[in-house]
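Scroll down for the structure; my scribbles are underneath it.
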Amino acid sequence: MWASNRISCILLLITPFSWAANYRLPTSLEPQHYDLQILTHLNATDQRFEGYVKIHLLARENTQNITLHSKGLRIDEDRTSINSQFPGESNCVTNIEVDDEFEFYTLHLSRKLEKGKHYQLEMHFGAKLNDSESGYYKSDYVNSIDKEARSLAVTQFSPTFARQAFPCFDEPNWKATFNITLGFQNNYTALSNMPELGCREHEYLKNYTWCEYEQLPKTSTYLVAYAVHDLKNVHTIYSQTANKVVFRNWANPGFPEQFPIEMEPEVLSFYENLFKLNFSLAKIDQFFAPSHRFTAMENWGLITYNREKFARSEEDDLLQRLDANARTVAHEYAHQWFGNMVTMRWWNDLWLKEGPSTYFAYISLDALQPEWGRGDRFIARDLANFFAKDSRSTVPAISKEVQTPAQILGQFSEYVYEKGALTMRMLHKLLGEEAFYQAIRSFLKRYSSGNADQAELWESLREAAVEYEVISQNFSLARAMDSWTLQGGYPLVTLIRDYKTGRLNVNQTRFYLRNDIERHSSCWWVPLRFVRQNVPDFNQTIPESWLECPISENRTLELFHPPGEDEWLILNPQVTTIFRVNYDDRNWRLINESLQNDPNFGGIHQLNRAQIIDDVLALASVQIQNYDTAFDLLEYLKKETDYLPLERSVNILNRLGALLKGQEAADFQIYMRRLLLPIYKRFPKLSLISTTPESIRDISFQRFVYTEACRYNVDDCILQTEILTTSNQTGFWPKVPSNFRELVYCSYLQNGGEAEFQELFELFQKSENPAQQRIWAAVLGCSPNFALFEQFLNLTLKSDEKHIAECYMLATQSALSRNHLNPQMSNHILTHAKELDVKLKRRGFTNLLLRLAVNLQEPEEVEQLNTYLKDLKQFDEPLKKALDVARINQQWQKDCYRDFSQALRKRI
Ligand SMILES: *[C@@H]1O[C@H](CO)[C@@H](O)[C@H](O)[C@H]1NC(C)=O
Ligand SMILES: *[C@@H]1O[C@H](CO)[C@@H](O)[C@H](O)[C@H]1NC(C)=O
Ligand SMILES: *[C@@H]1O[C@H](CO)[C@@H](O)[C@H](O)[C@H]1NC(C)=O
Ligand SMILES: *[C@@H]1O[C@H](CO)[C@@H](O)[C@H](O)[C@H]1NC(C)=O
Ligand SMILES: *[C@@H]1O[C@H](CO)[C@@H](O)[C@H](O)[C@H]1NC(C)=O
Ligand SMILES: *[C@@H]1O[C@H](CO)[C@@H](O)[C@H](O)[C@H]1NC(C)=O
Ligand SMILES: *[C@@H]1O[C@H](CO)[C@@H](O)[C@H](O)[C@H]1NC(C)=O
Ligand SMILES: *[C@@H]1O[C@H](CO)[C@@H](O)[C@H](O)[C@H]1NC(C)=O
Ligand SMILES: [Zn+2]
């Protein structure tokens, strides 16, 4: 029996907030269950919701006040009540405080809530459906069949937006069960996390229905989801997963979506087997929302996707599209375990769900479709990004203290995902298959339907590692791993061999690309694993020893099987740990000989080959190595047969090329032409390719080689693209295989004039398919004529549509990567900075600035950047990052330009 005391209560005051000192909720009350009813109105003139929530609370301490989160909600104070289990214990709300900064709503009571007792808080509230893509928002679109404008309502609660939809304890550690009931007009469909229990007519609103959903198991508020919409279920799958999960796919019929529907049950089953823990819900709805703040959101049982990101077009590069979609889907499914079952205690450990979900997505896709070679491709990309980003001085740790909603949102950066994935991979390779998976399983089992932090993951891993004798009982895995997650950056490990005694001298220091900054004496626990030339086994990755932190000044090692004097030694097989390596000259020479002379590159793993080039070029740019040594190694690339080492090397060379001028720039063109020629020659003529190659690996390799060959005008590459465009004058080049279209169009513009530009510009304007428009946008950036290109840029700036604004970004990135039009581009971006910051959001604009900064070399250009942005407070952070990148370039100009161009000269 529950006593309701509403009648006897008189609300005294509502006052502004006065006491909070931090952003965390008090811990005196524990929410255990929510009954949530949301009535949604979605007609043209009235788009809002009304809600009722009853929160079951356990008092963990005596308290006379209740603080929870609420933002932008109209709460009906007269109908708020607190009820106790014991009749007669009447309690009243005497005073309410609200705080906009902390997003708190505090109720003061006339009587204490007593420790150990249960209470129920009832509140009535409402708000307009906003269009900020957060909380309970509305999304407008055009029905693709009847072409009518429609609206739907859907939630995005992660990370701190549930509080915009109902008053709640909006922190990930307060997990509770939820009974959700949705009210809506009959001509819509409603969905929530759980299967529907039953529906009934609304008691007085005509043509409205209430539907109730099964109880949602203990969940953090950021994972609750619901939608009221008129999308159609375009595909149902009755799967063979352990609990026969039913998959439904909700989309606007006819919209050019393409998603790998077939893969999803397989991915889910794969994780069930891998983690030895079944997915417990009966259904998963996949909801393709017309607008979405992110790419996707992993809500339990109701995964939402940004349909724009999933749209397909005729002109699409199928490979990239399928890769990106598959990665998103596999990532969201991994979250059902990492995030949904086991949730981080607080947002500082966001990587604890994003790292594993990113990494296990790679593992699952690689296992299910090995011929795509996704595992290594994705890892190679993450490694390339990591080594480039983390050599700056401004990188944060992946696990770092966050408090405010803005800081929490800021945690969702690519960096946390990528370095998080690399950290999981490091643990995987460090522990070995058996120990790693045992650790992961016991971690999931132990914390399932609860919360965990980083230390608890380390402990599960330590236990398994000790059991499998990978580490000793007294080794502190936590201390070792903290050195990777609690600081940014990475070490350069220097390995000097004593060829007489066979001993090794090893030390470490943080690697910075800038030499004019204050250096902190940081260090890492570096696992050491060596491979020697005569036994080139790159599969053994369990460490032989560790480089400690703080470091014993001069660490000398003796290997059990020391390499012979004429054998190379390579540290860090498969680049399982994220550090750079420098060797003594003789060892570099030995490595180089294998790369140049051995058809099999001495058996050196492709990720190590990529890393060797990346390392030696990075070391040369800080003058630890000279460019002669670097160029000697680069020679081997002419024979490289794998995509990954070639892609990484050429991308880095392209960036260096952007820093050259005049004679050196011309020399560089010649050099690149020579380097790429033998590789280009090994591929078939572009104009003769009629079908796409079978293997997806070959497609990416081919596309890359043609793109780079045409960029540097290698052999007949441009002529080949011309053959394709002239022989297809009727219609629009349908004969070009779709994977090569972008590069063919690009060459067409690069070598064409106004007519060619207008032709493609018109295609952009005519297209209604966002995926297709994105492709045209990137292609238009290939035009060397700024006056023409500017028409396009101004058009995108005028548009209110979000994806058109994104086209500005794609086109400018494309232009900047081609390194032409630099001054004009820089001008355009900077003079429209404020506008772009709004249109692209802060993150998109920061990325654009960073991309711009990579190309800046003249002091005047950097000055211009500074002048435009320095007085605008909102640009402090992006400006700092961009200036850091620009200073690295200037330093390179000063210190390396001569060395680089002399070494280059010798080789052309
Ligand atoms: C549903 O009905 C309401 C009220 O008649 C109307 O405003 C709305 O456009 C309708 N929605 C759909 C999807 O038919
Ligand atoms: C929209 O809803 C409001 C309030 O619920 C109602 O007064 C109005 O008639 C509705 N309009 C239409 C077109 O159904
Ligand atoms: C709420 O109650 C707790 C526990 O009694 C107390 O420490 C805290 O100061 C109170 N907060 C406010 C705003 O009164
Ligand atoms: C309810 O729906 C019926 C059938 O669609 C329609 O004829 C009627 O006008 C609607 N009533 C209201 C109050 O919207
Ligand atoms: C929540 O719903 C379940 C049925 O799914 C029901 O058994 C339970 O009693 C409900 N809880 C509350 C507090 O209403
Ligand atoms: C590491 O060793 C190399 C080679 O012996 C030496 O040049 C370098 O200064 C050492 N670095 C540190 C940080 O001790
Ligand atoms: C290393 O592993 C790969 C992939 O599992 C396998 O193909 C290769 O033969 C292994 N190499 C050695 C030396 O065991
Ligand atoms: C480091 O140790 C090696 C071998 O013990 C020794 O030859 C070398 O001189 C030492 N270097 C320094 C800087 O102490
Ligand atoms: Zn994620």
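Whatever order the structure lists ligands and atoms in, that order sets their numbers, starting from 1.
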* Asked: Taking the six-membered ring for Trp, is the centroid-to-centroid distance between His69 and Phe104 below 6.0 Å?
  ->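 Centroid separation for His69 and Phe104: below 6.0 Å.
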
* Asked: Between Phe360 and Phe338, how do the two ring planes meet: parallel, tilted or perpendicular, split at 30° and 60°?
  ->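 Aromatic pair Phe360/Phe338 classed parallel.
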
* Donor-acceptor pair between Ser594 and Gln533 side chains, under 3.5 angstrom ->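 A donor-acceptor contact under 3.5 Å links the two side chains.
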
Using only atom types and a distance under 3.5 Å, with no angle test, would you say the side chain of [X] pairs donor to acceptor with the backbone of [Y]?
X      : Y      : result
Asp99  : Phe102 : yes
Arg843 : Phe412 : yes
Asn62  : Lys115 : yes

* Do Asn539 and ligand 7 have an N or O pair less than 3.5 Å apart? ->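 Looking only at distances, the answer is yes, because the N/O contact criterion of under 3.5 Å is met.
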
* Asked: Leu107 pairs by side chain to side chain contact (heavy atoms under 4.5 Å, CB included) with which of Asn65, Ile82, Leu121?
  ->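 Among Asn65, Ile82, Leu121, the one meeting side chain to side chain contact (heavy atoms under 4.5 Å, CB included) with Leu107 is Leu121.
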
* Counting both backbone and side chain atoms, is some N or O of Glu97 under 3.5 Å from an N or O of ligand 3? ->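 In this structure, Glu97 places no N or O atom under 3.5 Å from an N or O of ligand 3.
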
* So, for atom 1 (C) of ligand 7, does the protein have a heavy atom nearer than 4.0 Å? ->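 Yes, there is a protein heavy atom closer to it than 4.0 Å.
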
* Asked: Can you check whether a protein heavy atom sits less than 4.0 angstrom from atom 11 (N) of ligand 7?
  ->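 Flag for atom 11 (N) of ligand 7 set to true, protein heavy atom closer than 4.0 Å.
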
* Counting heavy atoms only, which part of His108 comes closer than 4.0 Å to ligand 3: side chain, backbone, both or neither? ->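 For His108, only side-chain atoms sit under 4.0 Å from ligand 3.
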
* Would you mind checking which non-hydrogen protein atom is closest to atom 13 (C) of ligand 7, with the distance to 0.1 Å? =>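 Ranked first by proximity to atom 13 (C) of ligand 7 is Asp537 OD1, 3.8 Å.
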
* Asked: For ligand 3, which atoms, with element, lie under 4.0 Å from some heavy atom of Asn65?
  ->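 The list of qualifying atoms is 1 (C), 2 (O), 3 (C), 8 (C), 10 (C), 11 (N), 12 (C), 14 (O).
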
* To do: Number the atoms of ligand 3 from 1 as they appear, then name those within less than 4.0 Å of a heavy atom of Asn62, with their elements.
  =>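 Going through ligand 3 atom by atom, the ones under 4.0 Å from Asn62 are 4 (C), 5 (O).
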
* Atom of Glu354 nearest the Zn ion (ligand 9) (restricted to N/O/S, atom name only) ->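 Going through the N, O and S atoms of Glu354 one by one, OE1 ends up nearest to the Zn ion (ligand 9).
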
